[in-house]
Protein chains: 2
Amino acid sequence: MSTRITEYSVGDLARLSGLTVRTLHHYHAVGLLPPAHVAANGYRVYRRAELERLQEILVYRQAGLPLAAIAEALAGGPDRAARLRRHRQTLVDRARQVSASLATLDRILEQLSGDRIVTDQDLYAPFDPARQQAYEDWLIATYGPEMAEAIAASRAHLATAPDGMAARMAELKTIEADLVAAFTAGHDPAAALARHRDWVAAMWGRDCPPQAYAGLADLYGAHADFVARYEALAPKFSHWLPQVMRDWAARQPG
Amino acid sequence: MSTRITEYSVGDLARLSGLTVRTLHHYHAVGLLPPAHVAANGYRVYRRAELERLQEILVYRQAGLPLAAIAEALAGGPDRAARLRRHRQTLVDRARQVSASLATLDRILEQLSGDRIVTDQDLYAPFDPARQQAYEDWLIATYGPEMAEAIAASRAHLATAPDGMAARMAELKTIEADLVAAFTAGHDPAAALARHRDWVAAMWGRDCPPQAYAGLADLYGAHADFVARYEALAPKFSHWLPQVMRDWAARQPG
DNA sequence: ATGCGGCCTGCCGCCGCGTGAGGGTCAAGC
DNA sequence: GCTTGACCCTCACGCGGCGGCAGGCCGCAT
């Protein structure tokens, strides 16, 4: 059984990959994907290594990277899997961008729906976070302190929009990581529990007194959703967490 | 107190909006943003209406629409807020695309991490959902039924990696946007509910049978966490959602 | 009158290909 | 050997959305 090296023409590879011949010509011309060799008749010949390289190019292309950036990424170390894992962060950042665009649109819709004066310069504030802050300061100064509440209520609404949710979930992840560390290492979880209680209050948009926090502990211990989530973090963690939450709540004033 | 009409030169507007003079020239040349008028000296003069039109252009531009598509969107009815609300769906679709790109990358990382044979044609399967399904069917047929479990386990592992959470939350947002649309427009939410159930199952790492889904509806309706989140999406949505979830679960087999 | 910052139009260039012109190569069939 | 059809090649123009610059006019201050 001999090992055959499979070779492909440019048309073969175009069909395999879903690209056009023209694109593969272009990628050769710019040095992004040279063929294995060029035959005596001038035809391009591609082999497995080129196919794998093209697969990676397609990943970066799908994410919208310019070809120069793709070439850089391909040169970013010998381990393909490591390169692709590194690239994953780019995609996550892209997801955040889309979320930010949604937030911008929501702020503009808010401008349209209110009866407040929107100055010419403030039309473009939603596209720039620093100017948005200045705009909000001006709103409060102009219309009075109850405007701060309206902005906060609006922001609470926006905080549950995609970009805000990602930040909140990221925060929850760090709190849970600290709780798991306390559980596995036998440390005092009080500080992490306080942060968790604050997180819950922010999520609710109101305070979370000790009785409510103890009630939440009951829910965590009793509901399959939460048990599944916490068991996935560490075995038996789903039993431990409600207990320390109740103990911690019992020690709080009020 | 006389009402003054504020007029801006092209340079004024470039500074206000963060664009370049060249860009505003271009937008005039292609008819996208004509000035209010051109003065006797040839200088462009912009007023409030142009400023508002440009704000809307920037929203569509930020979402990556070509200028021709932006012109179409601007011509899509006299009510600006309605146009922008319609556009929100485009952004939600963009979020879907990013999620799909993450899924493609995850599948390729999966190819790299296994010891299984990856044929030349299967290198490009992850970029095409129909071919990916055929590839997974082939893997199961070649390596046996435990391969199905390995695929599912690998996928579940990737989904709960820390940065996988952003994609999951982006996906949840699109599902919720569709549910809210169904709620406000009075459409049938069944398709969105099916996707939501699938999302929950993926989140749990196991199936979500109808009873469990109905139980989840109870949790959503009873717990302040979820009520707060859903009220922020649309008033009364937190009452409607558990109901349609329970109704939908009651209609499922099993 | 001069200088400076702003305005104007015109034009070339960039990036990543799509498209088509004109011509060579290869293999099968007659 | 010749013909035919599918494939290959290079070259070059074009597209969309501007960036950048040249050359020249405008308006205001000194």
Side-chain angles (χ1 to χ4, degrees), chain A residues 6-47 50-51 53-74 101 124 127, chain B residues 6-47 50-51 53-54 56-74 90 94 97 101 124 127:
Chain A
T6 308
E7 300 192 323
Y8 299 93
S9 70
V10 71
D12 296 333
L13 186 53
R15 280 185 294 273
L16 255 190
S17 63
L19 299 184
T20 63
V21 168
R22 181 70 185 87
T23 302
L24 294 170
H25 283 183
H26 183 66
Y27 288 176
H28 180 195
V30 299
L32 187 62
L33 183 68
H37 68 274
V38 178
N41 58 6
Y43 288 13
R44 295 168 174 82
V45 178
Y46 298 91
R47 293 177 178 155
E50 284 72 53
L51 269 61
R53 184 175 169 92
L54 182 57
Q55 185 196 44
E56 190 174 350
I57 287 169
L58 289 187
V59 167
Y60 300 135
R61 196 178 92 135
Q62 193 179 52
L65 263 69
L67 296 193
I70 291 177
E72 269 188 51
L74 286 168
S101 295
Y124 305 111
F127 297 97
Chain B
T6 308
E7 302 191 323
Y8 299 93
S9 70
V10 72
D12 295 333
L13 186 54
R15 282 184 293 273
L16 255 190
S17 63
L19 299 184
T20 64
V21 169
R22 180 71 186 82
T23 303
L24 294 169
H25 283 181
H26 183 67
Y27 289 175
H28 180 197
V30 299
L32 188 63
L33 183 68
H37 66 275
V38 179
N41 59 6
Y43 286 13
R44 295 169 175 80
V45 178
Y46 298 90
R47 294 180 179 152
E50 285 71 54
L51 268 60
R53 183 177 170 92
L54 183 57
E56 191 174 349
I57 288 169
L58 289 187
V59 167
Y60 300 133
R61 194 177 95 135
Q62 194 179 50
L65 263 70
L67 297 193
I70 291 177
E72 270 188 49
L74 287 168
T90 305
R94 181 62 46 81
Q97 278 174 30
S101 295
Y124 305 110
F127 297 98

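Each chain gets a letter, A, B and so on, in the order the sequences are listed, and its residues count up from 1. Worth knowing before you read on, the calculation uses all heavy atoms, side chains too, and leaves out hydrogens, waters and symmetry mates.
Put simply, NE2 on H28(A) is 12 Å from C1' on dC9(D), counting in whole angstrom units. Look at CD on E72(B): it is 14 Å from P on dG16(D), rounded to the nearest Å. Taking atom CZ of residue R61(A) and atom P of nucleotide dC15(C), one finds them 17 Å apart after rounding to whole Å. The CG-C1' distance, from L33(B) to dC18(D), rounds to 15 Å in whole Å. Between H26(B) atom NE2 and dC12(C) atom P the separation is 17 Å, expressed in whole Å. In this structure, the NE2 atom of H25(B) is 16 Å from the P atom of dC21(D), given to the nearest Å. One atom, CG of L13(B), and another, P of dC7(C), lie 11 Å apart when rounded to the nearest Å. In this structure, the CG atom of L24(B) is 15 Å from the P atom of dG20(D), given to the nearest Å.
In terms of position along DNA chain C, the nucleotide closest to D12(B) lies nearer the 5' end than the nucleotide closest to the other residue of the pair D12(B) and R22(B). Sequence order on DNA chain D of the closest nucleotides to G42(A) and P66(B) puts G42(A) first from the 5' end.
Within 4.0 Å (heavy atoms only), V30(A) reaches no atom of the nucleic acid at all.
For N41(B), whose side chain is taken as the heavy atoms from C-beta onward, the closest listed nucleotide among dC8(D), dG16(C), dG27(D) is dG27(D). Ranking dC7(C), dC8(D), dC9(D) by closeness to the S9(B) side chain, first place goes to dC7(C). Of the candidates dG18(C), dC26(D), dT10(D), the closest approach to any side-chain atom of R44(A) belongs to dT10(D). Of the candidates dC8(C), dC17(C), dT10(D), the closest approach to any side-chain atom of V10(B) belongs to dC8(C). The side chain of Y43(A) sits closest to dC9(D) out of dC8(C), dG19(D), dC9(D). The side chain of L67(A) lies closest to dG16(C) when the candidates are dC18(D), dG16(C), dT9(C).
The base of dG16(C) does not come close enough to the side chain of Y27(A) for any donor and acceptor atom to sit less than 3.5 Å apart.
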Practice problem: Take R61(B) and L19(B) through the test side chain to side chain contact (heavy atoms under 4.5 Å, CB included) and record every step on the way to the result. | Solution: CA-CA 12 Å; R61(B) 194 177 95 135; L19(B) 299 184; 3.4 Å; yes

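With contacts defined as side-chain heavy-atom distances shorter than 4.5 Å, the pair V10(A)/H28(A) does not qualify. With contacts defined as side-chain heavy-atom distances shorter than 4.5 Å, the pair Y46(A)/L54(A) does not qualify.
Residue T20(B) places no side-chain N or O under 4.0 Å from the OP1 or OP2 atom of dC18(D).
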